[in-house]
Peer 1: 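One structure follows; several queries about it will come next.
Given the structure is predicted, the values throughout are model-derived calculations rather than measurements.
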Amino acid sequence: MLAHATSAALQGIDAFEVRVEANIANGLPHLQIVGLPGAAVQESRERVRAALQNAGLPFPMRRVVINLAPADVRKEGPAFDLPMALVLLLAQRALPPDSLAGTITIGELALDGVLRPVRGAVSIAILANQSHARRIIVPPANAGEVAAVCDAEVVAPRTLAHAVSFLRGNGALSRILPPPPERAPPGPDLVDVKGQLGAKRALEVAAAGGHNLLMTGPPGAGKTMLATRLPGLLPDLTRAESIETTRIHSAAGLPATGLLSRPPFRRPHHTVSYAGLIGGGATPRPGEVSLAQNGVLFLDEFGEFNRAALETLRQPLEDGLVTISRARGSLTFPARFLLVASRNPCPW
């Protein structure tokens, strides 16, 4: 018995389509996942098995092979839990044959079948638009950000059992509507600052022209207080900027109920690592310079940062991009931000 479903995976901040195929054949009970699965994908075997059994759904006690195509690209993360569970049911004829046609499914499964959020849902929603999918099934925690971007029908079952009931036509799930733009709570305002006329003028010029800014002064002079009030001078994000910024935050695993409407403000500690500032890791993720896209990156105690990390700021400041090269390929992250740094004067 053979069945397939459509899912998606992340590569940097871009999503690509993954075809989840399941074959059930005679043999000793065994579930094998192929197609360059990462550690989290390999562990899906136990999550899927427990979720199906605890939901009262059949699990095949035969030899099962699940293939994630394309097989030459490594798959990371738990987002394949839901599509693997559904494709196993489809292979057992426990779902209608065409129930997953034109549908992209993502979601992590708890052992009791509850759907948990995944990274990169906004990028996957953009992929759904590009591939003209008619429906996308996502965890409830990702529904808002997906509906704000996706043109297809967005449904968000709370559990695996709810998803199966919906696909069988036995239960209705409301289509998730795009939420209003996410409004950040009011931040510090420049009106609170008394005096400092020269510094406030510099902030206004930097905000109006998109200029980077370096503030030098003794401890307690108000450098940090002024820097934290700079985002309040910036205008709201346009829709294109909002989608781009939310997409990066989603790929990094930062929660959002909808599209971000205000410029982000990132303030990494001076002990931040090279990979934390620029991005990277075994599976490269966006760093602080990318999370500050269309916003402000504030480096307090500028002289205390690692020199090698500061040298890597040259490319994003010049090009607005960060390219991370690994043996398996290169990834490019957007990194166009307003840099604000502060430092104490030299004691000598």
Peer 1: For Asn23 and Val65, indicate whether the former's side chain and the latter's backbone hold a donor-acceptor pair under 3.5 Å.
Peer 2: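 No: the side chain of Asn23 does not pair with the backbone of Val65.
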Peer 1: Decide whether Thr323 and Ser330 meet the rule of one side-chain donor and one side-chain acceptor closer than 3.5 Å.
Peer 2: no
Peer 1: Pick from Val296, Asp300, Leu203: which one makes a side-chain contact (heavy atoms from CB on, under 4.5 Å) with Val340?
Peer 2: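 Of all the options given, the one that passes is Val296.
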Peer 1: Judged by atom type as modelled, is there a donor-acceptor pair below 3.5 Å linking the side chain of Ser290 to the main-chain atoms of Pro334?
Peer 2: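 Yes.
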Peer 1: For residues Ser342 and Glu301, determine if any side-chain heavy atom of one lies less than 4.5 Å from a side-chain heavy atom of the other.
Peer 2: no
Peer 1: Hey, any chance Leu233 and Leu237 share a hydrophobic cluster, counting ILVMFWY side chains that come within less than 4.5 Å of each other, even indirectly?
Peer 2: no
Peer 1: State the CG-CD distance between Asn67 and Gln32, to the nearest 0.5 angstrom.
Peer 2: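 Asn67 CG to Gln32 CD: 10.0 Å, rounded to 0.5 Å.
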Peer 1: Can you name the closest pair of heavy atoms from Pro268 and Leu277 and give their distance?
Peer 2: CG-CD1, 4.3 Å
Peer 1: Which heavy atom of Leu115 sits nearest to which heavy atom of Pro157, and what is that distance?
Peer 2: CD2-O, 3.7 Å
Peer 1: Closer than 3.5 angstrom, by distance alone: can the side chain of Asp319 be matched with the main-chain N or O of Leu321 as a donor-acceptor pair?
Peer 2: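 Not a single qualifying donor-acceptor pair exists.
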Peer 1: Between Arg168 and Ser165, is there a side-chain donor-acceptor contact under 3.5 Å, judged purely by atom types and distance?
Peer 2: no
Peer 1: Going by heavy atoms in the side chains, are Leu291 and Phe337 under 4.5 Å from each other?
Peer 2: no
Peer 1: Got a salt bridge between Glu43 and Arg45, using NZ or NE/NH1/NH2 to carboxylate O under 4.0 Å?
Peer 2: no
Peer 1: Whether Arg175 and Glu153 form a salt bridge (side-chain N of Lys/Arg under 4.0 Å from carboxylate O of Asp/Glu) is what I want to check.
Peer 2: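 Salt bridge flag = no for Arg175 with Glu153.
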Peer 1: Quick one, Glu145 and Ser250 - any side-chain contact, counting heavy atoms below 4.5 Å?
Peer 2: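 They are in side-chain contact.
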Peer 1: The test is side chain to side chain contact (heavy atoms under 4.5 Å, CB included); show your working for Phe302 and Leu310 and say whether it passes.
Peer 2: CA-CA 9 Å; Phe302 192 63; Leu310 293 180; 3.7 Å; yes
Peer 1: Looking at side-chain heavy atoms only, is the closest gap between Val18 and Thr6 below 4.5 Å?
Peer 2: no
Peer 1: Count the heavy atoms belonging to other residues, nucleotides or ligands that lie under 6.0 Å from CZ of Arg266, then report whether that count exceeds 12.
Peer 2: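 Check passes, neighbour count above 12.
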Peer 1: Could you report the tightest heavy-atom contact between Ala152 and Asn129, atom names first, then the distance?
Peer 2: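 The pair with the smallest heavy-atom distance is N-OD1, 4.2 Å.
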Peer 1: Hey, what do you get for CG (Leu213) to CG (Leu230), rounding to the nearest 0.5 Å?
Peer 2: 7.5 Å
Peer 1: Does the side chain of Val87 reach to within under 4.5 Å of the side chain of Pro83, using non-hydrogen atoms?
Peer 2: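 Contact flag for Val87/Pro83 side chains = no.
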Peer 1: Looking at every heavy atom in both Pro231 and Phe265, which two are closest together, and how far apart are they?
Peer 2: CG-CD1, 3.4 Å
Peer 1: Is Arg247 salt-bridged to Asp14, going by a charged N under 4.0 Å from an acidic O?
Peer 2: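 Here Arg247 pairs with Asp14 in a salt bridge, since their nearest N and O are under 4.0 Å apart.
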Peer 1: Is Phe166 atom CZ crowded by more than 12 heavy atoms from other residues, nucleotides or ligands, each under 6.0 Å away?
Peer 2: yes
Peer 1: So does Leu127 get a backbone contact from the side chain of Ser131, meaning a donor-acceptor N/O pair under 3.5 Å?
Peer 2: yes
Peer 1: Any sub-3.5 Å donor-acceptor pair from Ser123's side-chain atoms to Ile13's backbone N or O?
Peer 2: yes
Peer 1: Give a yes or no on whether the backbone of Met225 and the side-chain of Thr228 come within a donor-acceptor separation of less than 3.5 Å.
Peer 2: yes
Peer 1: Any side-chain heavy atom of Asn54 sitting closer than 4.5 Å to one from Leu160?
Peer 2: no
Peer 1: May I ask you to check whether Asn26 and Arg62 show a side-chain donor-acceptor distance below 3.5 Å?
Peer 2: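 Result is yes, a qualifying pair exists.
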Peer 1: Any chance you could measure His249, atom NE2, to Gln293, atom CD, to the nearest 0.5 Å?
Peer 2: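 Those atoms lie 9.0 Å apart.
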Peer 1: Please evaluate residues Val272 and Phe305 with respect to the criterion side chain to side chain contact (heavy atoms under 4.5 Å, CB included), reporting the C-alpha separation (whole Å), side-chain torsions for both, the decisive distance (0.1 Å), and the verdict.
Peer 2: CA-CA 8 Å; Val272 65; Phe305 281 79; 3.8 Å; yes
Peer 1: Is the shortest distance from a Lys or Arg side-chain nitrogen in Glu76 or Arg74 to a carboxylate oxygen in the other one below 4.0 Å?
Peer 2: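 Here Glu76 pairs with Arg74 in a salt bridge, since their nearest N and O are under 4.0 Å apart.
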Peer 1: Between Asp81 (side chain only) and Leu109 (backbone N and O only), is there a donor and an acceptor less than 3.5 Å apart?
Peer 2: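 At least one qualifying donor-acceptor pair exists.
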Peer 1: Distance check, rounded to the nearest 0.5 Å: Leu82 atom CG versus Arg116 atom CZ?
Peer 2: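 Leu82 atom CG to Arg116 atom CZ measures 13.5 Å (nearest 0.5 Å).
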Peer 1: Which of these passes side-chain contact (heavy atoms from CB on, under 4.5 Å) with Leu10: Arg285, Arg119, Lys75?
Peer 2: Arg119
Peer 1: What about Leu52 and Ile106, same hydrophobic cluster or not, with Ile/Leu/Val/Met/Phe/Trp/Tyr joined at side-chain heavy-atom distances under 4.5 Å?
Peer 2: no
Peer 1: Cluster question for you: counting only ILVMFWY and a side-chain heavy-atom cut-off of under 4.5 Å, with indirect links fine, are Leu313 and Phe298 together?
Peer 2: no
Peer 1: About how many Å separate CZ of Arg135 and OG1 of Thr103, when rounded to the nearest 0.5 Å?
Peer 2: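 It is 3.5 Å, given to the nearest 0.5 Å.
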Peer 1: Any chain of hydrophobic side-chain contacts (each under 4.5 Å) joining Leu197 to Met215?
Peer 2: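 No, no single cluster joins them.
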Peer 1: Check for a donor-acceptor pair, side chain of Asp98 on one end and backbone N or O of Ala101 on the other, with a separation under 3.5 Å.
Peer 2: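 No: the side chain of Asp98 does not pair with the backbone of Ala101.
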Peer 1: Are Ile137 and Ile104 packed together at the side-chain level, in the sense that at least one heavy-atom pair is separated by less than 4.5 angstrom?
Peer 2: no
Peer 1: Which is it for Ile24 and Gln92 under the side chain to side chain contact (heavy atoms under 4.5 Å, CB included) test, yes or no, and what are the steps along the way?
Peer 2: CA-CA 8 Å; Ile24 302 176; Gln92 297 176 88; 3.7 Å; yes
Peer 1: Give the intermediate values and the outcome of salt bridge (Lys or Arg N to Asp or Glu O under 4.0 Å) for residues Arg239 and Glu241.
Peer 2: CA-CA 5 Å; Arg239 177 166 175 81; Glu241 291 173 341; over 6 Å; no
Peer 1: Counting only N and O atoms by type, is there a donor-acceptor contact under 3.5 Å from the side chain of Ser7 to the main-chain atoms of Thr105?
Peer 2: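 At least one qualifying donor-acceptor pair exists.
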Peer 1: Do the side chains of Asn344 and Pro219 get nearer than 4.5 Å, heavy atoms only?
Peer 2: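 Of all side-chain heavy-atom pairs linking Asn344 with Pro219, at least one is under 4.5 Å.
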Peer 1: Does Arg158 use its side chain to pair, donor to acceptor, with the backbone of Ala156 at less than 3.5 Å?
Peer 2: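 Answer holds: no.
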Peer 1: Can you tell me how far CG of Leu89 sits from CG of Leu100, rounded to the nearest 0.5 angstrom?
Peer 2: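 The CG atom of Leu89 is 9.0 Å from CG of Leu100, to the nearest 0.5 Å.
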Peer 1: With a 4.0 Å cut-off on N to O distance, would you call Lys200 and Glu204 a salt bridge?
Peer 2: no
Peer 1: For the residue pair Asn294 and Thr245, confirm or rule out a side-chain donor-acceptor distance under 3.5 Å.
Peer 2: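 Yes - a donor-acceptor pair under 3.5 Å links their side chains.
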Peer 1: Might you point out which heavy atoms bring Ala9 and Phe80 nearest each other, and give the distance in Å?
Peer 2: CB-CZ, 3.6 Å
Peer 1: For residues Val20 and Val138: do they belong to one hydrophobic cluster (side chain heavy atoms under 4.5 Å, members Ile, Leu, Val, Met, Phe, Trp, Tyr)?
Peer 2: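 Different hydrophobic clusters.
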Peer 1: Quick check: closest heavy atoms across Glu17 and Pro70, and the distance to 0.1 Å?
Peer 2: O-CD, 3.7 Å
Peer 1: Please lay out, stage by stage, how Leu57 and Gln53 fare under the test side chain to side chain contact (heavy atoms under 4.5 Å, CB included).
Peer 2: CA-CA 6 Å; Leu57 298 167; Gln53 292 174 345; over 6 Å; no
Peer 1: For Asp236 and Arg262, run salt bridge (Lys or Arg N to Asp or Glu O under 4.0 Å): C-alpha distance rounded to whole Å, both residues' side-chain angles, the deciding distance at 0.1 Å, then the answer.
Peer 2: CA-CA 5 Å; Asp236 288 346; Arg262 292 294 302 155; 2.7 Å; yes
